[in-house]
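Quick note: numbers below take in every heavy atom, side chains included, and nothing from hydrogens, waters or symmetry partners.
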Amino acid sequence: LKVIVFEDSPLIDVREYLWDCEDAYQYGDTVTIEVGKCQKFVGGFYAITSLKESSTTCEGSSCSTLSYAVQRFYSEEDCQGLVTDTFTYPALGECLRWSNGTQTFSLLDGLNISQVDYPLNDGCNGAETTKYYMKSGTCYSLNADEAPLSFSWTVEGAAAVADARRQQRLTPSIGQFLLGLFVLSIFLPT
């Protein structure tokens, strides 16, 4: 999906791919749909689409609540060099198709990512699971001889915006700090 018109009458291009999202793997023609109207979407499905802002300045019900986990692979150690691949996953526990099974991504405390793989299972409810826990912003080494040599996970979207706002509230400004010292000095005995 790619938003091609934001203002007035928003439009979205829908492209289906057989593999990576590269032109060589595109399946069928690009279809342009109008936001807010019931239209043929993918396969035999119809959808009414909507757009929501996702930014650090957005507030209220018009803002996106989607949080997502982003995995980036780097050509060098320590997450340096070129980004060779980027994979983005919704991180609110949605059941996703994966290789020969399904998987979920969720946030444990807003910034730590949990990935659960369900091999040979179609509904994210199998007894056999493989679990991974990743810390947002941490670089992991692949111990490989050729690129990619490292990768990282980051939380983006609503959870990252909420954490930035929380950090902003917790970090006092110099004015708040000086006011606190002034108030403290009033109550200290001399």
Side-chain angles (χ1 to χ4, degrees), residues 1-6 10-22 25-26 30 33 35-36 41-43 45 47-75 79-119 121-126 129-142 148 150-169:
L1 299 176
K2 180 179 181 182
V3 179
I4 58 171
V5 176
F6 289 93
L11 299 173
I12 299 173
D13 272 354
V14 179
R15 295 181 180 100
E16 294 183 71
Y17 297 91
L18 298 172
W19 186 243
D20 284 342
C21 297
E22 297 178 19
Y25 299 111
Q26 185 170 344
T30 299
I33 59 174
V35 172
F41 188 62
V42 176
F45 294 96
I48 300 172
T49 57
S50 64
L51 300 178
K52 292 197 171 217
E53 184 178 353
S54 178
S55 74
T56 56
T57 59
C58 186
E59 294 185 21
S61 62
S62 65
C63 303
S64 172
T65 58
L66 181 63
S67 294
Y68 41 97
V70 179
Q71 183 182 36
R72 290 182 180 88
F73 288 85
Y74 297 87
S75 61
C79 296
Q80 300 295 311
L82 299 174
V83 174
T84 60
D85 278 307
T86 301
F87 301 98
T88 304
Y89 306 94
L92 299 175
E94 297 88 342
C95 186
L96 307 172
R97 175 66 56 197
W98 160 80
S99 187
N100 197 14
T102 52
Q103 65 185 175
T104 61
F105 291 86
S106 56
L107 303 180
L108 301 175
D109 58 4
L111 286 179
N112 289 312
I113 304 160
S114 167
Q115 174 185 343
V116 181
D117 293 344
Y118 301 87
N121 181 274
D122 287 335
C124 295
N125 56 6
T129 62
T130 304
K131 297 179 180 181
Y132 304 92
Y133 301 98
M134 294 79 69
K135 184 175 173 110
S136 181
T138 301
C139 184
Y140 299 92
S141 177
L142 287 170
S150 58
F151 68 96
S152 68
W153 285 93
T154 55
V155 173
E156 298 181 12
V161 169
D163 187 62
R165 286 186 179 146
R166 184 181 61 77
Q167 290 296 333
Q168 191 176 34
R169 285 193 308 269

Can you check whether Val116 reaches Thr130 side chain to side chain, under 4.5 Å on heavy atoms?
-> no
Student check: side-chain heavy atoms of Gln115 and Lys131 closer than 4.5 Å = no
Asn125 and Tyr118: CA distance, side-chain angles, deciding distance, side chain to side chain contact (heavy atoms under 4.5 Å, CB included) verdict = CA-CA 7 Å; Asn125 56 6; Tyr118 301 87; 5.7 Å; no
Can you list every pair that meets salt bridge (Lys or Arg N to Asp or Glu O under 4.0 Å) and has a residue in residues 91-101, with sequence neighbours left out?
-> Arg97-Asp122
Test side chain to side chain contact (heavy atoms under 4.5 Å, CB included) applied to Ser99 - qualifying residues, sequence neighbours left out | none
So, the side chain of Lys52 versus the backbone of Ser61: is there a donor-acceptor pair under 3.5 Å, distance only?
-> yes
Nearest heavy-atom neighbours spanning Ala91 and Ala69 | CB-N, 3.9 Å
Test Tyr140 against every option in Phe73, Trp153, Tyr133, Phe151 by the ring pair (Phe, Tyr, Trp, His ring centres under 6.0 Å) rule and name the one that passes.
-> Phe151
Apply side chain to side chain contact (heavy atoms under 4.5 Å, CB included) to Thr154 and list each qualifying residue two or more places apart in sequence or on a separate chain.
-> Val70, Arg72, Ser136, Glu156
Quick one: does Ser150's side chain have a donor or acceptor within less than 3.5 Å of a partner on Ser141's backbone?
-> no
Sequence neighbours excluded, which residues qualify as side chain to side chain contact (heavy atoms under 4.5 Å, CB included) partners of Cys63?
-> Cys58
Please examine the side chains of Asn100 and Pro119, heavy atoms only from C-beta on, and report whether any two atoms are closer than 4.5 Å.
-> no
Residue pair Tyr89, Leu96: steps toward the side chain to side chain contact (heavy atoms under 4.5 Å, CB included) verdict | CA-CA 9 Å; Tyr89 306 94; Leu96 307 172; 4.2 Å; yes
Going through the checks in order, is the side chain to side chain contact (heavy atoms under 4.5 Å, CB included) test met by Tyr68 and Leu92?
-> CA-CA 8 Å; Tyr68 41 97; Leu92 299 175; over 6 Å; no
Under the side-chain hydrogen bond (donor to acceptor under 3.5 Å, both in side chains) rule, collect the residues that match up with Thr129, sequence neighbours excluded.
-> none
With a 3.5 Å cut-off and sequence neighbours excluded, list the donor-acceptor pairs that the side chains of residues 101-114 form with protein atoms.
| from | atom 1 | to | atom 2 | distance (Å) |
| --- | --- | --- | --- | --- |
| Thr102 | OG1 | Asn121 | O | 3.0 |
| Thr102 | OG1 | Cys124 | N | 3.0 |
| Gln103 | NE2 | Asp117 | OD1 | 2.8 |
| Asp109 | OD1 | Leu111 | N | 3.1 |
| Asp109 | OD1 | Asn112 | N | 3.0 |
| Asp109 | OD1 | Asn112 | ND2 | 3.3 |
| Asp109 | OD2 | Asn112 | ND2 | 2.9 |

Donor-acceptor contacts under 3.5 Å from residues 10-18 side chains, at least two apart:
| from | atom 1 | to | atom 2 | distance (Å) |
| --- | --- | --- | --- | --- |
| Asp13 | OD1 | Thr32 | OG1 | 2.6 |
| Arg15 | NE | Thr30 | OG1 | 3.2 |

